[in-house]
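Here's the structure, in structure tokens; my notes come after.
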Amino acid sequence: MSTLIVIPARYASTRYPAKPLVALTGATGEKKTLIRRSWDAAMSVQGDLRVVVATDDERIRAEAESFGAEVVMTSPECRNGTERCAEAHANLGGGFEYVVNLQGDAPLTPPWFIEALIAGIKGCDLDLATPVLRCEGAMLEALKEDRRHDRVGGTTAVFGASHQALYFSKEVVPFTSQTYAPDAPTPVFHHVGAYAYRAEALARYPGWDIGPLEQLEGLEQLRFLENGHDILCVEVESRGRQFWELNNPSDVSRIEAMMAEMGLA
């Protein structure tokens, strides 16, 4: 296998403690924890892959092992998911060419997002790739609504003609004063919470200093940009699927409503 998918999960989240163990109700009424739904999303990706959950918490470990997940224990000193992925890869003895970080708060990630991401990193000479999804009017309005209420929600991405990232922000960028119909395309791209790294670059990441932009935005990928490493933004297609991440308690009902509308169990 050349590719490892890691689902980093921690219990002591500042904004939402115990988030991986929150139960989400699907379209059929079945409840599954967030970490279970994230695992299911990873297992639906096609390819010769190994999937593991990386955590520092025994409660998450117990829950993950209860549904058959492979778990790698990592240090509580990991400062973000990328550092946890680096440690998990090292604890497994290395040997993978590519490591995918499928963050444990994105249960609605469809498999083709990750398949396109893996194809993107394998088809370029950059150290990091990440998916971006063009917002339709309804998604853009949801992002703006979060900011109006001072909720730290989804992340947006700005990139150049070659799809190399220029910046990522918790603010809605680029600015647009135009009004868009709910299903109309907009110039704003929602950053999907997943990354594909070349293993050698991932191993170096924990040794890089945290820069001011990463510190201010709380976005781990900015450490790559601040240390002179370009990031490929891989544009993915929704294919009629809704996408949202679980960042705040208020996102639970939003995600459950999306699952009900899409018929996801």
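Hydrogens, waters and symmetry mates play no part in the numbers below; they use all other heavy atoms, side chains included.
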With a 3.5 Å distance limit and no angle check, can you tell me whether [X] reaches the backbone of [Y] through a side-chain donor-acceptor pair?
{"X": "Asn248", "Y": "Ser250", "value": "no"}
{"X": "Asn101", "Y": "Cys85", "value": "no"}
{"X": "Thr156", "Y": "Glu171", "value": "yes"}
{"X": "Glu226", "Y": "Leu213", "value": "yes"}
{"X": "His149", "Y": "Glu145", "value": "yes"}

Lys NZ or Arg CZ of Arg50 over Phe96 ring: under 6.0 Å, within 45°
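Judged by the rule, Arg50 and Phe96 form no cation-pi pair.
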Arg223 to Trp208 six-membered ring, cation-pi geometry met (6.0 Å, 45°):
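No cation-pi geometry.
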Below 6.0 angstrom between ring centroids: does that apply to Tyr197 and Tyr98?
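Aromatic pair excluded; centres sit 6.0 Å or further apart.
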Go through the steps to decide whether Arg254 and Asp251 satisfy the test salt bridge (charged side-chain N to carboxylate O under 4.0 Å, His left out), and finish with yes or no.
CA-CA 5 Å; Arg254 176 180 283 170; Asp251 292 323; 3.7 Å; yes
Let me see the working for Glu141 and Arg148 under salt bridge (charged side-chain N to carboxylate O under 4.0 Å, His left out), right down to the final yes or no.
CA-CA 10 Å; Glu141 180 57 28; Arg148 282 194 289 267; 2.3 Å; yes
Within a 6.0 Å radius of atom CD on Glu65, are there more than 12 heavy atoms belonging to other residues, nucleotides or ligands?
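It does: Glu65 CD has more than 12 such atoms within range.
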I'd like to know whether Arg61 forms a salt bridge (charged side-chain N to carboxylate O under 4.0 Å, His left out) with Glu58, so could you lay out the CA-CA distance, the side-chain angles of the two residues, the decisive distance to 0.1 Å, and finally the verdict.
CA-CA 5 Å; Arg61 177 179 188 166; Glu58 288 295 335; 3.8 Å; yes
Check side chain to side chain donor-acceptor pair (under 3.5 Å) between Asp146 and all other residues, then give those that pass, not counting sequence neighbours.
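Here the qualifying residues are Arg151.
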What donor-acceptor contacts under 3.5 angstrom involve side-chain atoms of residues 103-116, with partners at least two apart or in another chain?
from, atom 1, to, atom 2, distance (Å)
Asp105, OD2, Lys19, NZ, 3.4
Thr109, OG1, Ala106, O, 2.8
Trp112, NE1, Glu237, O, 2.7
Glu115, OE2, Gln46, N, 2.9

Among Asp56, Ile7, Val72, exactly one meets side chain to side chain contact (heavy atoms under 4.5 Å, CB included) together with Arg84. Which residue is that?
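The residue from Asp56, Ile7, Val72 that satisfies side chain to side chain contact (heavy atoms under 4.5 Å, CB included) with Arg84 turns out to be Asp56.
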